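Within every chain, numbering begins at 1; the chains are lettered A, B, ... in the order of the sequence lines, protein sequences first and strands thereafter. Since this is a predicted model, take the numbers as computed values, not measurements.
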Number of protein chains: 2
Amino acid sequence: MPTKRQALILTEIVRIYNETGQPVGSKTLMNQLPIQISSATIRNEMAALEEDGLIMKNHTSSGRLPSTSGYRYYLDYLLQPSVVSPQVFSTISQDFDRDFHEIDDIVKQSANILSNLTNYTSISLGPETINVTLTGFRLIPLGGDLVIAILATSMGSVESRVYRIPASISSDDLEKAVRIINDHLVGLPIDQVKQQLATEMPQLLTKYLHSPDGFLDMFGDVLRHAAAEHFYIGGRSNLLNSVQPDDLNRIKSIYQLLDKESVFPSLLDLRPNNDHQQSTDKPISVKLGDEFDNALLNDYGLITARYHVADHGEGIIAILGPTSMPYSQLIGLMQLFTDELVKKIYEYYNHFHDDS
Amino acid sequence: MPTKRQALILTEIVRIYNETGQPVGSKTLMNQLPIQISSATIRNEMAALEEDGLIMKNHTSSGRLPSTSGYRYYLDYLLQPSVVSPQVFSTISQDFDRDFHEIDDIVKQSANILSNLTNYTSISLGPETINVTLTGFRLIPLGGDLVIAILATSMGSVESRVYRIPASISSDDLEKAVRIINDHLVGLPIDQVKQQLATEMPQLLTKYLHSPDGFLDMFGDVLRHAAAEHFYIGGRSNLLNSVQPDDLNRIKSIYQLLDKESVFPSLLDLRPNNDHQQSTDKPISVKLGDEFDNALLNDYGLITARYHVADHGEGIIAILGPTSMPYSQLIGLMQLFTDELVKKIYEYYNHFHDDS
DNA sequence: TTTAGCACTTAACTACTATGAGTGCTAACA
DNA sequence: TGTTAGCACTCATAGTAGTTAAGTGCTAAA
């Protein structure tokens, strides 16, 4: 456990290292610290901090920089979110001030705003589809034996996919089947729809379809895609800001990682299992270096902010940048940003359900 | 105009430089050339080639490398497409051997296959929507005053967007309006639909809608999005292969370019105006360095292959890589690749119209 | 026209030498 | 006991000089 003075020194090391990117020496600290102590004393304190594993050296005679544990300690105990400037605030509201046609657009735009604001990479995941209900299911014939199956949800998202229908099924029967789906399932939460799909629907449909399996597979397939989480990454190229010019291969690997969009959210553990206590407590949490599963991200930090939209579950927005980010400012920013985002999403949903 | 022997030397310089990435000296050439001449003679010939601006030096005592004009000359007069190995061929057919649900999936997959195959970045643009017809238009109420407008085309693509309908319009009238759209416009090519939208439709709709403007705007909007060209970029990260480790800023700029997907096709001039004779003649053409509008791409080359799908217009697939690419192999590959791609797209469309 | 020979150029590598920022330790001091 | 001045020591960085190897241009001979 560092003493109060050691904590002060650690905070200062984090601050200066984040600003300059260079290891911090005892003389520099002496000039910057609010208290009057000599460089020798600072050296002694730094030796103690190094003993505790909170700071480290690049080589015998270099200044100190925060270790991962040092960052961790700083984030958990020392950091204080700084207040966001009014200009930034008005920038955010301005960027959000448009009419969004789909919830996905809001999610996308939020990632873009945040990455523009911070010059880091941003990842945005829409509110969980807890209370989303099925609004409608349609089949539109395309000619031939192909149809487009369209599924709409109360969130305003539409999923459409093309399928082949065996010629043996008459279009009358198809229409009836679609009507049954709509009569029985519209208005139900997606989860329940999935459930009924396995239990009651097969029986109901056998009246009209000889073998409803194909039809149900199709419906299930669209449903699965509609319920899948959509997320967006903004400012990919900012990842290049933080990297040393020499290790080009690492950049490449990280980009390949980003390209494989499918694995990204699980890799970053954006939606942790509930066992993971620490992160579920606070709305904003930070994941550092070796806490990632993938070694490629060892030099990166991820600031994750959870936000809750009334009756619509949790969404997530995150910043991915180098380990040394101005956390204090960024976390202040995130608090404000999620507030605005929640406001916007809430507003969007309200337009739906209110004026009927 | 280079002599025959000079052309041979140029070809060899291009080949070796592409393989090694290093400037080529007279001794190396002496050993590699199929003819028996001394290094001194080669030096003389190289001096002549340099005089013509076809090759250049990095510094006084370095070997030679092809200049942009040199590449241009090589591509226009010397290059011979090499034959693709059977393994590559079977790789291509294998990768294409799946059931595609949408034409966009084929376009996407083709970009991925090509970039995997070549280790370069690949850009794929689907066949132009010349003969695409409107297959259906639907509105699904979402509750409140919102509806999802869904437009389907004979290509199997579906565009859906959410709109707000003024409460003054009754749902009965809306349904009638939708029916009118379907009765009058289904089966027509998109172009004609657009035309009628401006001419006849307003009159027809006034019978049912007090002011059809809002409705027509909505329909026009979906139509515009449905008709927009979709393209895909595969293997973005391969761009990093070709770049010098020191100029990180250029990489970043190029990535930002790639992120702005909207400007990319026009920048690359993938669909040149028909005046541009050279490129419309050949199905495969190459654009080099300073021929790009954007200076960022000065060190890059773009191999563009046009392919024609019967009754469905032209599609484009391209490879973006460093100026020094193994053009001979790549162009051979592209010929074969577009054949396979055309086959696949044709097959896809046939499933639509044939077995009705 | 071709070739051998040679002087010349240049990038890349190596070895060596400051320089300076920074540390750890000791001894004196409050 | 905590703090500070002083000093020897370490190490990355930058700069200088010398060497090597690849390559050129030019001249003169075949």
Quick one: label B:T41 by what it contacts on the DNA or RNA (base, sugar-phosphate, nothing), any heavy atom closer than 4.0 Å.
-> base
Among D:dT24, D:dA5, C:dG24, the one nearest B:R64 by side-chain distance | D:dT24
Under 4.0 angstrom, heavy atoms only, what part of the nucleic acid is A:K57 near: base, sugar-phosphate, or nothing?
-> sugar-phosphate
A:R43 has a side chain; which of D:dG25, C:dG24, D:dG23 sits nearest to it?
-> C:dG24
Atom NE2 of B:H59 to atom P of C:dA11: distance rounded to whole Å?
-> 5 Å
Just compare D:dT10, D:dG23, D:dT24 and give me whichever is closest to any side-chain atom of B:T28.
-> D:dG23
From OH of B:Y17 across to P of D:dG23 the rounded distance in Å is 14 Å
Taken to the nearest whole Å, CD1/A:I35 to P/D:dT3 is 9 Å
With a 4.5 Å limit on heavy-atom distance, are the side chains of B:I303 and B:Y120 in contact?
-> no
Whole-Å gap separating P (C:dT23) and CD1 (A:I42) | 9 Å
Whole Å only: how far is the CG atom of B:L65 from the P atom of D:dT24?
-> 11 Å
Select one nucleotide: of C:dT3, C:dG24, D:dT24, the one nearest the side-chain heavy atoms of B:A40.
-> C:dT3
Are side-chain heavy atoms of B:I316 and B:I123 found at a separation under 4.5 Å?
-> no
Nearest whole angstrom, please: distance from the P of C:dT10 to the CE of B:M56.
-> 16 Å
4.5 Å side-chain heavy-atom contact, A:R306 and A:T338 = no
Report the residue from A:N18, A:D76, A:T323 that forms a side chain to side chain donor-acceptor pair (under 3.5 Å) with A:Y71.
-> A:N18
Could you state the atom-to-atom distance from CD of B:Q22 to P of D:dG23 in whole Å?
-> 10 Å
Step through the shown structure and confirm whether more than 12 heavy atoms of other residues, nucleotides or ligands are within 6.0 Å of NZ on A:K27.
-> no
In whole Å, what is the span from the CD atom of A:E51 to the C1' atom of C:dT23?
-> 15 Å
In terms of side-chain heavy atoms of B:T60, which of D:dG25, C:dT9, D:dT3 is nearest?
-> C:dT9
Would you classify B:N44 as touching base, sugar-phosphate or nothing, given that sugar-phosphate means primed atoms plus P, OP1 and OP2, and contacts are heavy atoms under 4.0 Å?
-> base
Of the candidates D:dT10, D:dG23, D:dA12, the side chain of A:S61 sits closest to D:dT10
